[in-house]
Amino acid sequence: MLAVGTLSLLAAETLVDSADVIDGLTCDALKGTDAAFDERIHKARPHSGQMKSAANLRRMLEGSQIRESHRQCGRVQDAYSLRCIPQVHGAIRDTLVHCREVFEIETNSAVDNPLVFITGDSEGDVISGGNFHGEPLAFALDFLAIALCALAGISERRIERLVNPALSEGLPPFLAPGAGLNSGFMMPQVTAAALVSENKVLAHPASVDSITTSGNKEDYVSMGMTAAIKLRRIVENARSVLAIEAMAVAQALDFLAPLKTSKRGQTAHAAI
């Protein structure tokens with residue numbers, strides 16, 4: 001449980017940082033406002049993850065020619081998938097911090113049974129207990145799965161906005177340079193939607209289940225390994241959805257030339 005969960009956590013920490021970069025580009029490509037990322041807003045609700053993601057987005061949009069081109073457009077607010085990126089990504093960040101704390105405690109713990117406690121040169125106690133029980137890990141693994149389900153879910157909604165001509169702020173339908181045989185990013189968006197839907201099924205918590213074994217001695221178990229295996233698949237799906245958004249927004253930015261995104265955004269665009 002711990003080994004698979006730790007690898008998934010490390011991947012998740014990379015994914016949420018990558019998501020802030022990708023979503024800064026998407027916000028710019030969709031002519032979103034950076035007003036919602038104003039530091040004063042986030043100090044008024046100072047969840048640490050929310051404040052970090054908002055700061056990342058401010059940095060990503062700093063100096064963007066695209067942003068300056070529509071600063072006087074008069075739009076009051078953007079869709080949730082743009083405006084609420086700090087709140088959603090921030091909640092995910094805070095979940096990862098909690099899971100890291102649980103995993104670090106577990107990594108440095110004695111989970112054998114029985115445990116041997118030495119009290120003197122030739123004295124001690126051998127005590128049978130239950131430190132092997134996976135409940136703390138199982139809860140964290142399920143929580144992490146739910147958080148990554150949200151990370152992929154909000155990403156897919158931004159992909160939809162990039163490809164849908166009714167929502168894309170003048171970008172070509174499906175990000176295709178011309179109508180006809182080239183269907184652009186239609187099928188990548190369908191793929192992202194399928195992966196997000198699969199994640200919703202996989203995110204059902206395993207830790208609410210139990211099944212009895214060993215002559216009814218092991219009569220309430222954590223199902224934590226099931227949680228860990230499901231989580232690994234969710235990580236893979238979330239990575240693919242974010243990759244699709246990255247490719248889509250890189251294409252979208254190409255259509256907005258000669259206007260350029262920020263210096264940081266240009267570096268990310270070049271990397272994609």
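In this chain, residues are counted from 1 in sequence order.
Considering CZ of F143 and OG1 of T95, their distance stands at 3.5 Å, rounded to 0.5 Å.
With sequence neighbours excluded, no residue satisfies salt bridge (charged side-chain N to carboxylate O under 4.0 Å, His left out) with E236.
Residues C99 and A140 approach most closely at SG-O, 3.3 Å, considering heavy atoms. Residues S262 and L61 come closest through the heavy atom pair CB-C, 4.1 Å. Here the closest heavy-atom approach between residue V221 and residue E218 is recorded as CG1-O, 4.2 Å. Residues L115 and A110 come closest through the heavy atom pair CD2-CB, 3.9 Å.
Checked for salt-bridge contact, D20 and R58 miss the test: no charged N lies under 4.0 Å from a carboxylate O. Between K31 and E169 no salt bridge is recorded (no basic side-chain N to carboxylate O distance below 4.0 Å).
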Residues 173-192, side-chain donor-acceptor partners within the protein, below 3.5 Å, at least two apart:
from, atom 1, to, atom 2, distance (Å)
N182, OD1, G184, N, 2.8
Q189, NE2, E156, OE2, 2.7
T191, OG1, M187, O, 2.9

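Remark: of the listed residues L171, D78, T26, L30, L30 is the sole one forming a side chain to side chain contact (heavy atoms under 4.5 Å, CB included) with R161. Partner N237 forms a side chain to side chain contact (heavy atoms under 4.5 Å, CB included) with one of L202, L148, L242 and no other, that one being L202.
At least one donor-acceptor pair under 3.5 Å links the side chain of N164 to the backbone N or O of A166.
Atom CD1 of I211 is surrounded by 12 or fewer heavy atoms from other residues, nucleotides or ligands within 6.0 Å.
No side-chain donor-acceptor contact under 3.5 Å links N56 and H89. Donor-acceptor pairing under 3.5 Å is recorded for the side chains of S48 and D94.
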